[in-house]
Amino acid sequence: MRFSQAFIFTLRENPQDAEVVSHKLMARAGMIDKLAAGIYTYLPLGWRTVDKLCRIVREEMDRAGAVELAMPCIQPAELWQESGRWYAYGKELLRLKDRHERDFCFGPTHEEVITDVVRRRVNSYRQLPLNLYQIQTKFRDEIRPRFGLMRGREFLMKDAYSFHSSAESLDEAYRAMEEAYCRIFARCGLSFTAVEADTGNIGGSESHEFMVLAETGEDAVVACTCGYGANREKATSGPPPAAPPWPGALPPRPELAHTPGLTSVAEVAAFLGLHPAHFIKTMVVETEREFAVALVRGDDELNEVKLKNALGAIHLQLASAEKVQRVTNAAVGFAGPVGLGGVRIVADPGVMSLSVAATGANRDDYHLVGVVPGRDFTPHLVADLRLVQAQDPCPRCGKPLELKRGIEVGHIFKLGTKYSEPMGCTYLDDKGQQQPMIMGCYGLGIGRTVAAAVEQNHDEAGICWPLPLAPFAVEVLNVNPDLPGVAAAAERVYQELRSAGVEVLYDDRDERGGVKFKDADLIGFPVRVVVGKKGVERGQVEISLRRDGTRREVSLAEACGVVQELVAQGGA
RNA sequence: CGGGGCGUAGCUCAGCCUGGUAGAGCACACGGUUCGGGACCGUGUGGUCGGAGGUUCAAAUCCUCUCGCCCCGACCA
């Protein structure tokens, strides 16, 4: 491909709305172009990279025994009503009507469609297991799209769905997908980790996320040197340090303490001469069907996802001040479990292990001191509600946990029968009994993975593509296009590389050398062949690597061979 | 949805406070000098100042409404 014909428009400056490096660099390199919030055009260079990733994904999916198909992006509401998600999904689901006023949605995911496809054809355990995948554009009307391709509304995703007649079979497919994902990300040159994850609204029993570690990641993950890793939403820890001994004598029953205007644990603790760990932090939350109260130790934070799961809720949020008032008869900051009725109370084990504690009195400007869990109140449920902190002991080995940030590039789930059951996707087992199929689903964000690759592979000058994702492996840079001898030499190298099957871009533009060098660095071709006047006079060209900047002079005749070798070595 | 910010040339922005002929750099076109790391000089093209309404002799500038975009939060296979 010749640069002059390649539709490449680089930007000298960062677009005004770009926040993270991947967005800035991909926009400047002329790979993507924003059309609307969270909606992007892949320009030719960007599309080539996407295509590279897709090929890798297809190879690994095929290797793992999955079969490709393509489902519609527009889906009828009926299917979503069958699974129940038409009602469970919020505004994130883009709903539309056709000219007959029939309801449709733009698919944010395809469990319903694939389940329908399979249920109408497969009816025997002999036809299982199955694993089907597609690479397709999806749309989720995110509340807040941001960070370019990292959180778009319209985005490309590979999604695979497997169907089984036994948990063992599902497990096999799950492991195969896990391995395929590792191979995919490794082939892309990404440094990543797989962590345990919450299953969210998709549902299911087991779930792992593939995280590319990066400062700009939107997800918090905890990791231990022993190999334990989990999304912070899901992470557990060993027992945190016990609260310090209670100062003074244990009162026979809770006593009121006047704490005017003191609403935070830290303030009240300081005022009463107690440690924050002596407190029971009491939070009122609201789910789609009830109010509930969560209790964690004063020095801990609430993990809302854990609470949501403990309550069996789909949506959960902290109650507004007005609703807190209604539930506790007090302003925010004075809630406590003692004497609180009419709502379910869920306590973290850390709260129950306090021998004595202080907490809100459900009365403005008062706290209770000397509260004994189990004596003065009894929660309806005790469950892990604690948000894991850095330095907490690892739940497996006890060593201190690390807190990192990651970009979620893949997510795999064991769905079980969450879709097959309501949608009647069943098979006859070897005893002639009808059973719902056991399902798994496996997502991989294409655009997000590309963005993550840029986050991990760039420098001051631009992108440093890992060779497998580079839009072109090699650029031939003609420094003096006006000199016929140089042009002929560059043309020769270009043609030889092309004939050799190397993906090469020839910068034949009538531009100054500096402009071409800057563009080459920005776009980030792993290998560069510079053809210029001085070299050509000696029959030499310069070959350099983007990643480490190393250069070498080789003869014109050798150039193609050397480049092929470098490409074969991975361009690094 | 709550809080904050921004919409002026293709791009990045100044001008707005304090109303009075719409600007710069880059890009683009032409001429010349340059030519291995985003060249220089000259000339030129290009703008319903996001939109609607209002105040005023006069609005990019002040007021109201509206749309879009960005950031923080809540939210999220």
Side-chain angles (χ1 to χ4, degrees), chain A residues 9-20 23-24 27-28 30 33-39 85 88-93 107-112 138 140-148 150-153 155 157-161 197-204 207-209 218-219 231 233 285-286 304-305 308 314-321 408-415 418-419 440-445 448 461-462 477-483 486 507 509-522 528 530-536 541-542 544 549 551:
Chain A
F9 294 85
T10 58
L11 268 32
R12 193 179 289 240
E13 285 163 289
N14 287 320
Q16 154 260 184
D17 56 6
E19 183 74 6
V20 296
H23 186 188
K24 289 176 180 168
R28 282 188 52 206
D33 180 43
K34 187 172 79 171
L35 214 217
I39 301 178
R85 286 207 291 182
Y89 239 98
K91 287 189 170 177
E92 201 179 317
L93 181 64
T109 170
H110 283 70
E111 281 83 5
E112 281 80 0
K138 310 211 183 286
R140 291 184 197 168
D141 202 354
E142 297 281 351
I143 295 171
R144 186 143 86 84
R146 58 182 133 177
F147 300 154
M150 274 170 54
R151 177 173 291 261
R153 292 196 291 173
F155 57 99
M157 164 162 273
K158 186 285 305 180
D159 46 329
Y161 305 89
D198 185 70
T199 53
N201 288 345
I202 283 272
S207 171
H208 284 85
E209 284 171 341
E218 291 188 271
D219 289 281
N231 189 307
E233 292 177 345
V285 299
E286 179 180 3
E304 292 187 23
V305 173
K308 184 173 85 174
I314 297 169
H315 298 292
L316 179 140
Q317 60 182 65
L318 282 175
S320 64
E408 179 194 347
V409 289
H411 199 161
I412 61 177
F413 298 77
K414 287 186 178 176
L415 293 175
K418 174 166 170 145
Y419 297 90
C441 80
Y442 318 92
L444 191 156
R448 199 181 266 191
L477 195 160
N478 180 352
V479 190
N480 309 97
D482 49 330
L483 302 179
V486 177
D507 193 344
R509 290 176 300 169
D510 182 21
E511 283 285 355
R512 298 169 64 88
V515 170
K516 297 186 181 184
F517 283 114
K518 291 289 183 191
D519 276 345
D521 287 346
L522 212 210
R528 190 172 68 193
V530 177
V531 184
K533 177 163 165 270
K534 287 177 217 153
V536 168
V541 298
E542 176 193 283
S544 63
R551 309 175 182 196

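Owing to the predicted nature of the structure, the values given are computational and were not obtained by experimental measurement. Every chain is numbered from 1 and lettered A, B, ... according to where its sequence line falls, protein lines coming before strand lines.
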> So which one's nearest nucleotide on RNA chain B is more toward 5', A:Asp482 or A:Ser207?
Replying inline: A:Asp482

> Mind checking what makes salt bridge (charged side-chain N to carboxylate O under 4.0 Å, His left out) contact with A:Lys518, not counting sequence neighbours?
Replying inline: none

> Heavy atoms under 4.0 Å, any strand shown: does A:Arg528 hit a base, just sugar-phosphate, or nothing?
Replying inline: base

> When the distance from CD of A:Glu142 to P of B:C1 is rounded to whole Å, what number comes out?
Replying inline: 16 Å

>> In whole Å, I'd like the distance from the CZ atom of A:Phe413 to the P atom of B:C76.
In response: 13 Å

>> Can you say whether a donor on the side chain of A:Glu542 sits under 3.5 Å from an acceptor on the base of B:G36, or the other way round?
In response: yes

>> Base, sugar-phosphate or nothing for A:Lys34? Non-hydrogen atoms, less than 4.0 Å.
In response: sugar-phosphate

> B:G46 and B:A24: how far apart are their P atoms, nearest whole angstrom?
Replying inline: 14 Å

>> If I pick the P atom on B:C6 and the same atom on B:A59, what distance separates them, to the nearest angstrom?
In response: 24 Å

> Taking only residues two or more places apart in sequence or in another chain, which ones pass ring pair (Phe, Tyr, Trp, His ring centres under 6.0 Å) with A:His411?
Replying inline: A:Phe413

> Contact class for A:Phe155 vs. all strands (heavy atom < 4.0 Å): base, sugar-phosphate, or nothing?
Replying inline: base

> Should B:A74 form a Watson-Crick or G-U wobble pair with both distances under 3.5 Å, which nucleotide is its partner?
Replying inline: none

>> So, using side chain to side chain donor-acceptor pair (under 3.5 Å) as the criterion, who are the partners of A:Asn480 when residues are at least two apart?
In response: none

> Does a side-chain N-to-carboxylate-O contact under 4.0 Å join A:Glu19 and A:Arg146?
Replying inline: no

>> If I take atom CG in residue A:Asp519 and atom C1' in nucleotide B:A39, what distance separates them, rounded to the nearest angstrom?
In response: 15 Å

> Now, which nucleotide makes the Watson-Crick or G-U wobble pair with B:C49, with each of the two distances under 3.5 Å?
Replying inline: none

>> Rounded to whole Å, how long is the line connecting atom CD of A:Glu511 with atom C1' of B:A39?
In response: 11 Å

>> Suppose we define a pair by two distances each less than 3.5 Å, Watson-Crick or G-U wobble; what does B:C28 pair with here?
In response: B:G44

>> So, under a plain 3.5 Å distance rule, would you say the side chain of A:Arg144 forms a donor-acceptor pair with the base of B:C71?
In response: no

> Whom does B:C6 pair with, Watson-Crick or G-U wobble, provided both distances fall under 3.5 Å?
Replying inline: B:G68

> What one-letter contact string describes nucleotides 10-15 of chain B from 5' to 3', where B marks a base within less than 4.0 Å of any protein heavy atom, S marks contact via sugar-phosphate atoms alone, and - marks no contact?
Replying inline: --SS--

> Can you tell me how far C1' in B:U21 sits from the matching atom in B:G15, rounded to whole Å?
Replying inline: 14 Å

>> Distance check needed: B:A27 C1' versus A:Lys518 NZ, whole Å only.
In response: 18 Å

> Of A:Arg151 and A:Arg146, whose nearest nucleotide on RNA chain B comes first from the 5' end?
Replying inline: A:Arg146

> Across the strands shown, which category fits A:Lys91 at heavy-atom distances under 4.0 angstrom: base, sugar-phosphate, nothing?
Replying inline: nothing

> Who does B:U34 pair with, Watson-Crick or G-U, both distances under 3.5 Å?
Replying inline: none

> In chain order, what residues pass the side chain to side chain donor-acceptor pair (under 3.5 Å) check against A:Glu304, with sequence neighbours excluded?
Replying inline: none

> Is A:Gln317 touching bases, backbone alone, or none of the nucleic acid, heavy atoms closer than 4.0 Å?
Replying inline: nothing

> At under 4.0 Å between heavy atoms, what does A:Glu209 touch on the DNA or RNA strands: base, sugar-phosphate, or nothing?
Replying inline: nothing

> Who is the Watson-Crick or G-U wobble partner of B:G23, with both distances under 3.5 Å?
Replying inline: B:C13

> Is any NZ, NE, NH1 or NH2 atom of the basic residue among A:Asp519 and A:Arg509 found under 4.0 Å from an Asp or Glu carboxylate oxygen of the other?
Replying inline: yes

>> If I pick the P atom on B:C11 and the same atom on B:G50, what distance separates them, to the nearest angstrom?
In response: 13 Å

> Can we say A:Glu511 and A:Lys516 salt-bridge, meaning some charged N sits less than 4.0 Å from an Asp/Glu carboxylate O?
Replying inline: no

> So which nucleotide does B:A60 pair with, by the Watson-Crick or G-U wobble rule with both distances under 3.5 Å?
Replying inline: none

>> Side chain of A:Asn480, heavy atoms from C-beta onward: which of B:C69, B:G38, B:C35 has the nearest atom to it?
In response: B:C35

>> Using the salt bridge (charged side-chain N to carboxylate O under 4.0 Å, His left out) criterion, which residues pair with A:Arg144? Sequence neighbours excluded.
In response: none

> Which nucleotide, B:G38, B:C70, B:A39, lies nearest any side-chain atom of A:Arg512?
Replying inline: B:A39

>> Heavy atoms only, 4.0 Å cut-off, all strands: where does A:Leu444 land among base, sugar-phosphate and nothing?
In response: nothing

